[in-house]
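First the structure, in the form of structure tokens, and then the observations on it.
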Amino acid sequence: MDKLKEEIGRLLAPLVSLEPKEIINLLEVPPETSYGDLAFPCFSFAKNRKLAPPVIAKELSEKLVGTKGLYWEKIVSRGPYLNFYIAPRAYGCEVLRQIWESGEKYGHTNLGNGGNVTIDYSSPNIAKPFGIGHIRSTVIGHSLYLLYKALGYNSIGINHLGDWGTQFGKLIVAFKHWGEESKLVADPVNYLYQLYVQFHQRVEEEPALDDQARAWFKKLEEGDDEAVAYWIRFRQLSLDNYALTYDLLGIEFEYIHGESHYNDLLDTVIKLAQDKGIAKESDGALIVDLESHGLPPVMLRKKDGATLYITRDLAAAIYRKETFNFVRSLYVVGAEQLLHFQQLFKVLELLGFKWAADCVHVPFGLIRFKEGRMSTRAGKIILLDEVLQRSIEIAREIIEEKNPDLADKERAAQEVGLGAVRFGDLSNDRIKNIEFDWDKALDFSGETAAYIQYAHARICSILRKAEAEYEKWDDKAASILIMEEEIALVKTLALLPEKIIASAENYRPSILARYLIDVAREFNRFYHNCPVLGSEGELKHGRLLLIRATRQVIANGLGLLGIAAPEEM
RNA sequence: GCGCCUGUAGCUCAGGGGAUAGAGCAGCGGACUUCUAAUCCGCUUGUCGCAGGUUCGAUUCCUGUCAGGCGUACCA
């Protein structure tokens with residue numbers, strides 16, 4: 001698509017007194033393919049020319065009548081638009097060649113030029129099992145991690161574990177009062193979670209427990225031996241448990257730096273705020289007043305001297321800048337923390353850090369029950385692991401039914417099962433809340449990962465059957481595709497690079513996910529109307545090149561969503 | 001109370017200052033002696049929450065309003 005756009009930019013620039021770049025930005029895809037393949041809208045300069053847009057479009061088309069480009073062959077004005085029709089042979093050949101030559105790098109660019117991008121994602125609160133809610137940050141964050149890498153940035157994944165805070169006071173109190181060693185050993189994370197839920201039940205009748213919990217957290221912050229010993233143990237048990245889920249999802253972090261990692265910096269942060277004169281005492285606590293910025297105050301230190309979440313986040317932000325000198329710093333954290341991040345970035349700015357402008361909160365909506373919110377404290381959650389395992393199980397059953405002779409069923413079941421759950425989360429606009437529904441979470445028909453994966457598997461199947469003589473590039477074969485379905489597929493394949501850029505820059509993997517549905521749909525239409533192995537000679541070769549390119553686009557695209565592209569399923 | 005987010009077909013959602021608003025699911029009807037039918041084709045469905053405003057043009061931008069969600073200093 002790029003080369004075509006550049007060509008049109010150069011063609012129109014002298015005629016409309018705009019830079020080629022400006023023209024390229026104006027170009028859009030018409031709503032109907034019968035209108036053409038790329039449209040140049042004539043609204044923007046209608047005013048200065050004092051002419052109606054349709055008149056300008058007509059005038060331009062008359063000037064260009066009879067001309068042809070390398071990648072386009074016809075210009076028609078229609079209303080206020082100047083519409084270009086591609087030259088399918090040359091254009092198809094060019095698109096397929098690019099994909100052929102770039103291979104698994106097709107769609108990748110070097111926009112980032114090696115700059116560091118830190119991505120804070122997943123970040124579970126330890127001593128609690130992974131709930132389905134955690135899939136969001138984990139999967140969106142991981143996809144952004146991969147997308148930024150594809151754009152030539154150096155992605156740095158940081159798992160900002162919730163491994164500090166009053167909750168540990170609660171756990172210590174709970175374990176000391178009614179904990180049982182044998183149960184902890186048997187099923188550590190679930191047992192810790194039970195204790196946590198129990199704590200919140202008992203605190204209703206015994207509010208003093210809350211004070212005890214705060215006191216234990218204070219002791220932890222002061223380095224009390226007993227408190228620290230509990231903390232280390234609970235933390236490690238949790239990490240061991242999470243590792244299983246991360247392995248299953250194929251996720252690795254560059255750093256697992258929990259909140260506790262920044263403890264040594266907390267005093268420095270507080271001192272810095274005091275030196276800058278932005279911190280003040282209020283009711284015995286230390287706060288930063290943000291009223292003049294239209295925000296509620298930020299508390300840096302509680303009246304008992306303990307720090308808060310935001311104190312640790314300030315320290316973490318500064319640490320990340322000093323350690324990685326990031327060009328951008330992403331926080332893939334729920335939308336309920338919007339205010340928190342506004343405050344965080346504002347305080348960083350007030351501390352004099354210009355790079356506060358490079359920090360971005362990437363918010364996402366809640367996963368809820370029909371009846372209301374999920375609540376870890378109340379024990380009302382759905383376990384991520386349960387969803388993943390059930391999804392794999394259903395995929396296994398479908399494979400057993402549809403393809404019982406498949407060699408590695410277990411692997412396919414895993415790839416398809418995990419893909420379904422991931423895609424379900426990635427394919428919709430992240431800001432929207434999701435109502436959890438087992439049937440929807442485990443759906444394999446329609447706009448799902450399986451639809452895309454199936455197209456991939458089908459292509460692989462055809463390629464396995466194709467003769468070796470077609471496994472080479474050939475200009476003539478690549479220029480032979482002129483069927484409507486072939487052209488539509490080629491045009492769709494050409495879009496991968498811009499979709500990757502749009503996904504990363506808007507922090508929206510859903511753009512890529514939706515695009516891959518389009519690719520699979522165009523492939524299916526092609527598949528049903530254009531026999532590949534059943535055709536002959538150059539046409540067969542050309543179609544094999546086309547499906548090879550399609551396979552590459554799907555594999556690259558799914559890869560960036562963290563979803564496997566099975567060769568058989 | 002105040003702030004932020006969301007409101008599009010029966011359901012779940014794309015889209016987005018412009019050319020007749022799109023998919024999937026559900027429903028009905030078709031297509032496997034042919035490259036895996038987890039597929040494809042056809043049919044049916046809309047006051048784009050409501051009311052104003054800006055504009056040559058608004059479902060898209062602005063204001064108000066209603067509904068739902070989230071947040072609103074000693075949790076994270």
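Throughout, protein chains are lettered first and strands after them, A, B, ... in sequence-line order, and every chain is numbered starting at 1. Note that the structure is predicted; figures quoted are calculated from it, not measured.
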Handout entry: Runs of at least three consecutive pairs that involve RNA chain B, where pairs are Watson-Crick or G-U with distances under 3.5 Å
Key = B:1-7 with B:66-72, B:10-13 with B:22-25, B:27-31 with B:39-43, B:49-53 with B:61-65
Practice task
Using a 4.0 Å heavy-atom cut-off across all strands, classify A:Cys460 as base, sugar-phosphate, or nothing.
Solution key: nothing
Problem - Pairwise P distance, B:U59 and B:A9 [rounded to whole Å] - result: 15 Å
Problem - Salt-bridge criterion met for A:Arg136 and A:Asp425 (N-O under 4.0 Å) - result: yes
Exercise for the section: For A:Phe199 and B:C75, give me the distance from atom CZ to atom C1', rounded to whole Å. Expected result: 11 Å
All N/O pairs under 3.5 Å across the protein-nucleotides 5-11 of chain B interface:
residue, atom, partner, partner atom, Å
B:G7, OP1, A:Lys432, NZ, 3.3

Practice task
With heavy atoms under 4.0 Å as the rule, sort A:Arg312 into base, sugar-phosphate or nothing.
Solution key: sugar-phosphate
Exercise for the section: Mind checking A:Ala457 for me? I need base, sugar-phosphate or nothing, with any heavy atom below 4.0 Å counting as a touch. Expected result: base
Handout entry: Distance, P atom - from B:C61 to B:G17, rounded to whole angstrom
Key = 7 Å
Practice task
Please tell me which of the listed nucleotides, B:G69, B:U36, B:C40, lies nearest to the side chain of A:Met569?
Solution key: B:U36
Practice task
Answer with base, sugar-phosphate or nothing: what part of the nucleic acid does A:Lys465 contact at a heavy-atom distance below 4.0 Å?
Solution key: sugar-phosphate
Practice task
Considering only atom C1', compute the distance from B:U33 to B:C11 and round it to an integer number of Å.
Solution key: 40 Å
Problem - Candidate nucleotides B:U20, B:A19, B:A38, ranked by approach to the side chain of A:Glu32 - the nearest - result: B:U20
Exercise for the section: Indicate, with a heavy-atom threshold strictly under 4.0 Å, whether A:Val298 touches base, sugar-phosphate, or nothing. Expected result: nothing
Problem - Residue A:Lys440, side-chain atoms from C-beta onward, closest of B:A73, B:G24, B:U12 - result: B:U12
Exercise for the section: Please evaluate the base of B:A76 for a donor-acceptor partner in the side chain of A:Thr166 within a cut-off of under 3.5 Å? Expected result: no
Practice task
Please state the C1' separation for the pair B:G27 and B:G10 - nearest whole angstrom.
Solution key: 10 Å
Practice task
Pick base, sugar-phosphate or nothing for A:Arg368, based on heavy-atom distances below 4.0 Å to the nucleic acid.
Solution key: sugar-phosphate
Practice task
Compare the aromatic ring of A:Phe43 with the six-membered base ring of B:G18 and state whether they stack according to the 5.5 Å and 30° rule.
Solution key: yes
Exercise for the section: For A:Gly534, report the nucleic acid contact type (base, sugar-phosphate, nothing); a contact means any heavy atom under 4.0 Å. Expected result: nothing
Exercise for the section: For A:Pro80, report the nucleic acid contact type (base, sugar-phosphate, nothing); a contact means any heavy atom under 4.0 Å. Expected result: nothing
Practice task
Would you mind reading off the distance between A:Phe444 atom CZ and B:G24 atom P, rounded to a whole angstrom?
Solution key: 19 Å
Practice task
Using the P atom on both, measure B:A23 against B:C5 and round to a whole Å.
Solution key: 30 Å
Problem - Touch class at under 4.0 angstrom, heavy-atom based, for A:Tyr451 against every strand present - result: sugar-phosphate
